[in-house]
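Below you'll find the structure, written out as structure tokens, and then a few comments.
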Amino acid sequence: MQEEKTTVDRTIMGLPILAFIPMAIIALIAVSLTSEGTGMTAAFAVVISLGGILMWVGNSIPYFKVIGGGVILCILVPAIFKYVGVLPGSIEGLVTSFYDTSGFGEFVVAALITGSILGMPRSLLIKAGARILIPIIVTISACFTVIGLIGQVTGVGAGYAIFFVAGPVLGGGVAAGAIPISEIIAHNSGGSAAEYLTALVPAVAVANIVCIVVAAVLNNVGKKHGHRLKAFNGNGVLAQGVRLPEATAEKLGSPAAAVKLAVMGFFIAGALFAVSNLLSDLFPVLHAYVFLILICALAKIFVPMPQYVEESVDLWYVFVANSMIPAILVSISMIAINIDEVLSLVSDPGYMAMTVLTVVVAAFVAGFVGWLVKLYWIESAIAAGLGLADFGSSGDLAVLQASQRLNLLPFLSISSRIGGGLVLVALSALAPYLL
């Protein structure tokens, strides 16, 4: 057992450390000396090089790895490099152009949603899908109540605490949460939505980091103490009384069969996402990810599928989950994390305390309420609580990587999208009274 652990620790992306790191350094130097616009291949070399090294370093540091060290480094270090000017402009421009043009985030999320739903047990989907809405609704209500009361008692006001802290934290990220919330505030208070947005984004960014830490801590607590309370740790299973199937990758025989299945899964994920995009264009009230979840869920429940189809999307999911997560986190860090905004929040202890408390309350309430409706405590805390409080799609991936529960992605997507929509509805109703 010890020998296996040592082997894993001495490799990055399957390559020995002494081979991966020099190759990564050469790739980064080559790209930094090349003009921008060198395409997808060079961009993959950059984000996989940085992501692989940062994930390995963070997961090799004692104690730090317990709180998701690798994920934290991937989400922070590239942004810090950009902030201090260490990151060459050619690398930053290449990754930004690649991410915006290719839809890299959609590529990864589509593979994970399709594989995790179509590859999950039908009984799990039926038992957990509708049930998770209960902890989501209760969590939103509890966070607004607790943070609003704290804001009222401390003198900053319930409206400020709810609209500038709890609301953006639970709103599902910047695009789906902070931006529409800033418009709600501007509509009811006057002023520019852009000015309000500047005050909202730091809470979203810091809350995402807190979510990663909480997810890693929950994972560690589950491993060490999960047996002490009934239905506390589901080891990745959301609903009680359901077991995960045997991993497809472990059942495959020849490499040729694996490649054929992976290509089939790639096509199915892409085709279903194309349909979801079309539906989102026709009915813009719902995000494409929500339609993708609905299509996959309805197909899983009502359409008898051949086993090889389920195995194909599951294998594609396994490939993307193991190869692309560090890369997408590095991309998000370069593009979306603004260190100035993070520092402005950290310098305000009261704002920081309310932000952290929002995440903690969300995780605890979601875990407890989920446990009451026959979900596992840790899985419900992650799916319904941290799924609400993280950065949206990219935050979902970071949280699940830290908690080692990537198969929960569809349920975190429900929290981010549907839960985030409920947050906006609630804030719209409260705005005339609190602003």
Side-chain angles (χ1 to χ4, degrees), residues 67 72 75-76 79-80 83 139-186 188-215 217 333 336-366 385-392 394-395 398-399 416 419-420 423-424 426-427 430-431 433-435:
I67 60 170
I72 292 174
I75 206 75
L76 279 183
I80 293 173
Y83 176 74
T139 297
I140 294 171
S141 303
C143 287
F144 279 10
T145 301
V146 172
I147 302 303
L149 287 174
I150 291 175
Q152 194 66 26
V153 170
T154 56
V156 298
Y160 177 84
I162 291 175
F163 280 85
F164 287 85
V165 181
V169 169
L170 302 178
V174 175
I179 291 177
I181 291 172
S182 68
E183 293 171 356
I184 292 172
I185 297 173
N188 287 271
S189 301
S192 167
E195 295 176 0
Y196 292 121
L197 181 62
T198 303
L200 300 179
V201 169
V204 180
V206 172
N208 192 63
I209 297 170
V210 177
C211 284
I212 295 170
V213 174
V214 172
V217 170
S333 178
I337 302 297
N338 188 315
I339 296 300
D340 277 323
E341 295 169 348
V342 174
L343 292 175
S344 70
L345 175 57
V346 174
S347 64
D348 185 343
Y351 196 47
M352 184 72 173
M354 286 193 294
T355 302
V356 173
L357 186 60
T358 301
V359 176
V360 173
V361 170
F364 180 82
V365 172
L386 301 184
L388 271 172
D390 65 26
F391 207 70
S394 58
V399 164
S416 295
V423 168
L424 295 180
L427 291 177
L430 292 172
Y433 305 99
L434 296 179
L435 292 177

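The figures here come from the full heavy-atom set of this structure, side chains too, leaving out hydrogens, waters and symmetry mates. None of the values given here were measured: they were computed from a predicted structure.
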Let me confirm one number: the [atom1]-[atom2] distance from [X] to [Y], rounded to the nearest 0.5 Å.
X	Y	atom1	atom2	answer
L435	I162	CG	CD1	9.5 Å
T139	L388	OG1	CG	6.5 Å
L149	T154	CG	OG1	10.5 Å
I147	T358	CD1	OG1	3.5 Å
Y433	N188	OH	CG	11.0 Å

Which atom pair, heavy atoms only, marks the closest approach of [X] to [Y]?
X	Y	value
A161	M354	CB-SD, 4.0 Å
A362	L170	CB-CD2, 4.3 Å
V423	G171	CG1-CA, 4.2 Å
F163	L430	CZ-C, 4.1 Å
G385	A366	N-CB, 3.4 Å
C211	L386	O-CD1, 3.7 Å

Min side-chain heavy-atom separation [X]-[Y] under 4.5 Å:
X	Y	answer
I185	L200	yes
T355	V210	no
L427	F144	yes

Any donor-acceptor pair under 3.5 Å from [X] side chain to [Y] backbone:
X	Y	answer
S333	A79	yes
N208	V204	no
Y351	F164	yes

